[in-house]
Student: 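Once you've had a glance at the structure underneath, I'll fire off some questions.
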Amino acid sequence: MNRRPDARAVKVAAGERVEIAMTVNGTDVTVSVPPRVHLADVLREQLGLTGTHLGCEHGVCGMCTVLVDGEAARACLLFAVQCEGAEIVTVEGLGSAEEQHPLQQAFSAHHGLQCGFCTPGMLMSSYDLLADGPEGTAISPDELPVEMSGVLCRCTGYRGILAAVADVAAQHPDGLPGPRNCGRRTLVGRGGGQPAAREGAITEAPPPAPAEVRLPTGAPSATVEVRSELGVPAEKVWEVLDDFHRLAACLPGAELVEVLDGDRYRGRATVALGPVKLAFDGLAHVVERVPAEHRMRVLAHGADTGGSATQADIRLAVEPAAGGAVLRADAALFLSGRIAQFGRALAGDVSRRLFEQFAAAVEENARTGRAPTTPARPPGAVALLVQTVAARVRAALRRRR
Ligand code: FES
Ligand code: FES
């Protein structure tokens, strides 16, 4: 991609965001992104265009191929900030279910896909190859293996793919029809749609702290059940849970920012895991509070500037026990973006550690009768990992005995 003549030099800190205007599948879009975010993540995470797949994320596999100003480009190798003013076409713009592009029809007719993971890259790459009119469509079938070698098919289903591309080249000797699904529409990011901020544009705002917490459908990324024995009476523990200021002060790395109506709370939380440090802005909503039974249910949503998002359905309950109380925490966690890369097992382990730290802080708070003067600290990255690995080693040793 050539540097645009009107490109502006902007100096921003890594954590700051830059506003970029571009056209995606015919729709004017303004997104606000940190400078280190690549185009594929913006398309997938902020605009909901998950047809652009990510394989290697360093320019080898071609899965992420899109058109940038009419030319094929690896979306994983382009920073989104380089795309200011660009016209982007993704596989969603090529055709729709109702009106498929000839390439899509040919891939279907020739069984040009097995798992389908490479298909968006193959489609966009072959479009770029054949779109140059007679010059492109004059490519002979013998040349196709080399011409199409920029996209890898891990299922090795190349025969059907090459037959499809050869068929389309033969059927359109005077040039390939353009994309069939480009036009103004609302692009909806995975965290929910944003209203248009100016005429003709769809704006993706900085990570939203939504007005209400909506949990995704489907299975959660991880579930956690923690039982903590506390050396204070159940009544005292419930007093902490029932006062959201005291409760928030016990959450590792969390800070209560604003109390809203309807038992809703805005807050911030930081989590560090290895080199990944996430700062979430979010909303917590107490949707159920039963003092007589010492239990409550909280829905929470948090998003960070890098596109990570987490939603949680948390149930807290206190029961009397010999010597004090048992604090029960059951949570279903839904993770997306970078944080989802931790995987189900690690996310569960880390969340369990966080709940254990929370329980210890609640016990101290209940014992002293007041919130700590400093909020509970976020879990240290190394300590958290060491604790998690140590717990797994202990569990493995127990199983072997
Ligand atoms: S994901 Fe972009 S080239 Fe592999
Ligand atoms: S069809 Fe599976 S990667 Fe190509």
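Ligands are counted one by one from 1 in listed order, and the atoms in each one are counted from 1 as well. We use all heavy atoms of the structure for the numbers below, so side chains are in, but hydrogens, waters and symmetry mates are not.
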Student: Between L241, L247, V240, which is the residue that forms a side-chain contact (heavy atoms from CB on, under 4.5 Å) with F244?
Tutor: L247

Student: Counting distance only, does the side-chain N/O of H53 pair as donor-acceptor with the main-chain N or O of M63 below 3.5 Å?
Tutor: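 Looks like no, no N/O pair under 3.5 Å.
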
Student: What are the protein N, O or S atoms, given as residue plus atom name, that sit under 2.8 Å from atom 2 (Fe) of ligand 2?
Tutor: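 Within the sphere that stays under 2.8 Å of atom 2 (Fe) of ligand 2, the protein atoms of type N, O or S are C115 SG, C155 SG.
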
Student: Below 2.8 Å of atom 2 (Fe) of ligand 1, tally up the protein N/O/S atoms for me.
Tutor: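 Number of qualifying protein atoms: 2.
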
Student: For P177, what residues pass the side-chain contact (heavy atoms from CB on, under 4.5 Å) criterion, not counting sequence neighbours?
Tutor: H101, P102, H172, R180

Student: Closer than 3.5 angstrom, by distance alone: can the side chain of H245 be matched with the main-chain N or O of D243 as a donor-acceptor pair?
Tutor: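 Checked: no pair found.
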
Student: Are H38 and F79, when compared by the centres of their aromatic rings, separated by less than 6.0 Å?
Tutor: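 Ring centres of F79 and H38 not closer than 6.0 Å.
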
Student: Do R17 and S32 meet the criterion of a side-chain donor-acceptor pair at a distance under 3.5 Å?
Tutor: yes

Student: Tell me, with the steps shown, if I88 and L67 meet side-chain contact (heavy atoms from CB on, under 4.5 Å).
Tutor: CA-CA 6 Å; I88 315 287; L67 303 179; over 6 Å; no

Student: Extract all donor-acceptor atom pairs below 3.5 Å that involve side chains of residues 289-297 and protein atoms in other chains or at least two apart in sequence.
Tutor:
from: R289; atom 1: NE; to: D263; atom 2: OD2; distance (Å): 3.0
from: R289; atom 1: NH1; to: D242; atom 2: O; distance (Å): 3.3
from: R289; atom 1: NH1; to: D242; atom 2: OD1; distance (Å): 2.8
from: R289; atom 1: NH2; to: D263; atom 2: OD1; distance (Å): 3.0
from: R289; atom 1: NH2; to: D263; atom 2: OD2; distance (Å): 3.1
from: E293; atom 1: OE1; to: R295; atom 2: NE; distance (Å): 2.7
from: E293; atom 1: OE1; to: R295; atom 2: NH2; distance (Å): 3.1
from: H294; atom 1: NE2; to: E235; atom 2: OE2; distance (Å): 3.2
from: R295; atom 1: NH1; to: E288; atom 2: OE2; distance (Å): 3.2
from: R297; atom 1: NE; to: D313; atom 2: OD1; distance (Å): 2.9
from: R297; atom 1: NH2; to: D313; atom 2: OD2; distance (Å): 2.8

Student: Please step through side-chain contact (heavy atoms from CB on, under 4.5 Å) for the pair L327 and F355, ending with a clear verdict.
Tutor: CA-CA 10 Å; L327 173 59; F355 275 118; over 6 Å; no

